[in-house]
Amino acid sequence: MAEKSVEELYPLVLQLTVPDSPEHRESALLELSKKREAFADLAPILWHSFGTMGTLLQEIVAIYPTLSPPNLTAHASNRVCNALALLQCVASHPETRGLFLAAHVPLYLYPFLNTVSKNRPFEYLRLTSLGVVGALVKMDDSDVINFLLQTEIIPLCLRIMETGSELSKTVATFIVQKVLLDDVGLTYVCATAERFYAVATVLANMVQALAEQPSIRLLKHIVRCYLRLSDNLRAREALRQCLPDALRDHTFAAHIKDDLTVQRWLSSLLYNISEQAIADMQAQRA
């Protein structure tokens with residue numbers, strides 16, 4: 001990106017911190033959120049510009065009072081989601097991701113993930129907040145997983161997986177999937193029966209719902225979660241008892257006939273929980 005193009009951002013970033021000018025801040029939030037994918041260096045500019053991150057956090061904290069009782073307006077939701085889009089930009093950038101975690105910025109979003117209102121402004125807020133966490137885990141960075149495991153991200157995601165819209169469920173399941181794909185994350189979830197069954201029960205409920213109203217995108221993430229759980233011997237043995245029948249029979253066969261990846265994952269999962277595979281795994285560990 002040419003330097004002149006990057007310089008276009010500076011007036012907008014400055015507008016974010018203009019005191020006593022909410023109109024300028026709102027328009028700057030909107031314009032910067034629109035431009036975030038076009039400028040590779042936006043994240044470092046936001047992070048290192050004086051007062052900018054504090055301003056974005058102010059935008060977030062300002063709507064906390066509207067969460068309970070739930071009276072968030074569409075306008076307020078759109079405004080804070082523009083701020084969240086900029087935080088997602090910072091979370092995605094390799095130069096700022098570690099700083100973002102060290103400052104514990106994701107914790108500011110958890111009150112949004114903890115909401116249960118089905119109203120559109122709240123759903124949009126949850127989805128955009130999930131997008132920030134999703135951007136973090138997409139980087140396959142163990143530091144991200146270690147940070148998230150010290151927080152309530154798994155219980156929050158599990159509840160959204162049960163009660164959210166299809167899109168929110170998909171992003172929340174993706175986050176759990178990425179946590180499980182990290183060795184530390186898999187060990188954490190399988191460390192106790194309580195944690196394992198909390199995850200497995202929600203996944204099973206989702207499979208049951210998908211049998212009635214399929215979503216291949218969501219099913220793909222669910223199958224990948226189960227397959228990863230089956231990499232743990234104790235979880236593998238438990239899955240023999242609690243894997244939903246809909247994944248054992250041909251309930252989804254017509255829906256995944258064109259998706260070779262899901263077919264392969266499902267075949268691997270069913271093999272992993274077979275008696276032979278468990279016996280082989282136990283022999284290797286002996």
Side-chain angles (χ1 to χ4, degrees), residues 33 36-37 39-48 52-54 56-57 60-61 80-81 83-115 125-161 164 167-192 195-196 198-199 202-203 217-218 220-229 231-232 235:
S33 67
R36 69 187 188 279
E37 293 181 4
F39 293 88
D41 292 326
L42 176 57
I45 291 171
L46 290 171
W47 186 269
H48 296 293
T52 302
M53 291 303 298
L56 295 179
L57 294 180
I60 287 168
V61 173
V80 77
C81 284
L84 290 171
L86 297 182
L87 289 185
Q88 180 173 332
C89 175
V90 175
S92 303
H93 198 284
E95 183 181 325
T96 52
R97 185 168 63 249
L99 299 168
F100 188 81
L101 288 177
H104 291 192
V105 176
L107 298 183
Y108 285 89
L109 314 187
Y110 285 17
F112 301 157
L113 298 178
N114 207 26
T115 60
L125 185 61
R126 277 191 298 272
L127 183 59
T128 311
S129 300
L130 284 169
V132 178
V133 182
L136 283 170
V137 298
K138 195 180 289 185
M139 300 298 121
D140 296 321
D141 183 338
S142 289
D143 289 340
V144 171
I145 304 303
N146 285 324
F147 172 85
L148 292 176
L149 289 176
Q150 296 173 45
T151 73
E152 293 296 301
I153 193 61
I154 290 181
L156 288 170
C157 282
L158 290 178
R159 187 166 71 181
I160 292 171
M161 287 160 65
L167 196 50
S168 287
K169 286 180 179 180
T170 302
V171 180
T173 310
F174 169 76
I175 292 168
V176 172
Q177 171 189 317
K178 296 298 276 188
V179 170
L180 289 171
L181 286 173
D182 186 275
D183 288 343
V184 173
L186 179 64
T187 300
Y188 176 88
V189 169
C190 297
T192 68
R195 289 179 192 165
F196 168 79
V199 174
V202 171
L203 291 175
R217 179 171 55 174
L218 184 51
K220 188 169 189 171
H221 292 305
I222 292 170
V223 171
R224 190 65 185 94
C225 285
Y226 272 125
L227 177 58
R228 179 55 173 162
L229 285 170
D231 286 337
N232 179 278

Worksheet item: Can you check whether Tyr188's main-chain N or O pairs, donor with acceptor, with Arg195's side chain at less than 3.5 Å?
Response: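 Present.
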Below 4.5 Å, heavy atoms only, C-beta onward: do [X] and [Y] meet side chain to side chain?
X      : Y      : result
Phe147 : Asp143 : no
Ser142 : Val184 : no
Val137 : Gln177 : no
Asp141 : Leu136 : no

Qualifying salt bridge (charged side-chain N to carboxylate O under 4.0 Å, His left out) pairs, either residue in [range], two or more places apart:
range            : answer
residues 99-110  : none
residues 168-182 : Asp140-Lys178
residues 104-113 : none
residues 144-157 : none

Discussion item. Using 0.5 Å steps for rounding, measure from the CG atom of Asn232 to the CZ atom of Phe196.
Written reply: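 Between Asn232 CG and Phe196 CZ, I get 8.5 Å after rounding to 0.5 Å.
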Item to complete: Check Val80 against Ile60 and note the closest heavy-atom contact, atom names and distance.
Response: CG2-CA, 3.8 Å
Worksheet entry | Nearest atoms (heavy-atom pairs only) where Ala172 meets Met161 |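 Answer, listing the atom of Ala172 first, then Met161: CB-CG, 3.7 Å.
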Worksheet item: What pairs with Phe174 under ring-ring contact (aromatic ring centres under 6.0 Å, His included), at least two apart in sequence or on another chain?
Response: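 With sequence neighbours excluded, Phe174 shows a ring-ring contact (aromatic ring centres under 6.0 Å, His included) to His221, given in chain and number order.
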What pairs with [X] under side-chain hydrogen bond (donor to acceptor under 3.5 Å, both in side chains), at least two apart in sequence or on another chain?
X      : value
Thr52  : none
Thr170 : none
Arg228 : Asp183, Asp231
Asn146 : none

Fill in: Residues that Ala43 engages under side chain to side chain contact (heavy atoms under 4.5 Å, CB included), provided they are two or more places apart
Cys89, Val90, His93, Thr96
Item to complete: State which residues pass side chain to side chain contact (heavy atoms under 4.5 Å, CB included) with Thr128; sequence neighbours excluded, sorted by chain then number.
Response: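 By the side chain to side chain contact (heavy atoms under 4.5 Å, CB included) rule, Thr128 matches Cys81, Leu84, Tyr124.
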Worksheet item: Is atom CZ of Arg217 surrounded by more than 12 heavy atoms (other residues, nucleotides or ligands) closer than 6.0 Å?
Response: no
Under 3.5 Å, which donor-acceptor pairs do the side chains of residues 102-114 form with other protein atoms, sequence neighbours left out?
residue, atom, partner, partner atom, Å
Tyr110, OH, Thr151, OG1, 2.8
Asn114, OD1, Arg159, NH2, 2.5

